[in-house]
Student: 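Please read through the structure below; I'll follow up with questions.
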Amino acid sequence: PKEARLVAVAVSAAIRCEYCVSAQVHMAKQAGASDDEIKAAVQIAAEIQRFSTLLYGNDFGLKKLNKIIGKE
């Protein structure tokens with residue numbers, strides 16, 4: 001349950017829903033998440049959003065990414 005709430009915090013932050021963030025942070029704390037864990041979930045969401053924008057905006061391409069991460 002705690003991990004699910006932390007995922008929900010990250011998604012709420014990524015979609016910029018202030019109502020969702022408020023509710024999900026509250027529920028994450030009720031499920032035992034610490035402030036540091038909540039901050040980490042938000043940081044992960046921010047990193048994914050940042051890199052997605054950079055890669056997409058620079059026309060990086062899925063084939064190139066798959067080659068780098070060893071999927072091809």
Side-chain angles (χ1 to χ4, degrees):
K2 180 174 83 170
E3 288 80 9
R5 289 296 117 213
L6 290 169
V7 170
V9 168
V11 171
S12 298
I15 65 170
R16 298 175 183 233
C17 177
E18 66 181 291
Y19 309 105
C20 302
V21 169
S22 181
Q24 294 303 333
V25 165
H26 176 74
M27 288 189 279
K29 287 182 177 183
Q30 284 185 324
S34 68
D35 288 339
D36 285 342
E37 289 172 318
I38 291 167
K39 288 177 186 178
V42 172
Q43 178 66 33
I44 290 166
E47 287 174 12
I48 290 170
Q49 188 172 32
R50 176 178 173 258
F51 282 111
S52 175
T53 300
L54 287 171
L55 295 175
Y56 183 78
N58 288 305
D59 197 27
F60 191 78
L62 192 54
K63 284 185 180 184
K64 189 172 184 180
L65 176 63
N66 283 337
K67 187 173 183 179
I68 288 171
I69 64 173
K71 280 184 76 175
E72 281 187 8

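By convention here, the first residue in the shown sequence is residue 1.
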Student: Indicate the atoms forming the closest heavy-atom contact of V25 with V9, along with that distance.
Tutor: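 Shortest heavy-atom contact: N-CG2, 3.8 Å.
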Student: Enter the distance from D36:CG to Q43:CD here, rounded to the nearest 0.5 Å.
Tutor: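 If I round to the nearest 0.5 Å, the distance is 12.0 Å.
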Student: From I38 CD1 over to Q24 CD, what is the distance, rounded to the nearest 0.5 angstrom?
Tutor: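 Spacing of CD1 (I38) from CD (Q24) equals 10.5 Å.
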Student: When hydrophobic residues are tied together by side-chain contacts of less than 4.5 Å, even through go-betweens, does Y19 share a cluster with I15?
Tutor: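 No: no chain of side-chain contacts under 4.5 Å links Y19 to I15.
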Student: Between S12 and A8, which heavy-atom pair has the shortest distance, and what is it?
Tutor: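 Heavy atoms only, the tightest pair is OG-O, 2.7 Å.
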Student: Where do D35 and K29 come nearest, in terms of heavy atoms and distance?
Tutor: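 Nearest pair, atom of D35 first, then K29: OD1-CE, 3.1 Å.
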Student: Does S22 reach the main-chain N or O of E18 with its side chain, forming a donor-acceptor pair under 3.5 Å?
Tutor: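 No; zero donor-acceptor contacts below 3.5 Å.
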Student: Test of understanding: clusters of I, L, V, M, F, W, Y form through side-chain heavy atoms closer than 4.5 Å, transitively. Do V42 and L6 belong to the same one?
Tutor: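 Same cluster.
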Student: If you look at every heavy atom in F60 and I68, which pair is closest and at what distance?
Tutor: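 So the two residues come closest at CZ-CD1, 3.5 Å.
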Student: Count the heavy atoms of every other residue, nucleotide or ligand shown that sit under 6.0 Å from CZ of F51, and state whether that count exceeds 12.
Tutor: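 No.
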Student: Can you tell if the side chain of R50 reaches within under 4.5 Å of the side chain of L54, non-hydrogen atoms only?
Tutor: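 A side-chain contact exists here, since the closest heavy-atom pair is under 4.5 Å.
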Student: Looking only at heavy atoms, which two atoms of K2 and A31 are closest? And how far apart?
Tutor: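 The answer is CB-O, 3.6 Å.
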Student: Rounded to the nearest 0.5 Å, what's the gap from OG1 on T53 to CD1 on I48? Could you check?
Tutor: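 So the gap between those two atoms works out to 11.5 Å.
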Student: On a heavy-atom basis, which atom in A45 and which in A10 lie closest, and how many Å separate them?
Tutor: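 In terms of heavy atoms, the two residues are closest at CB-O, 3.4 Å.
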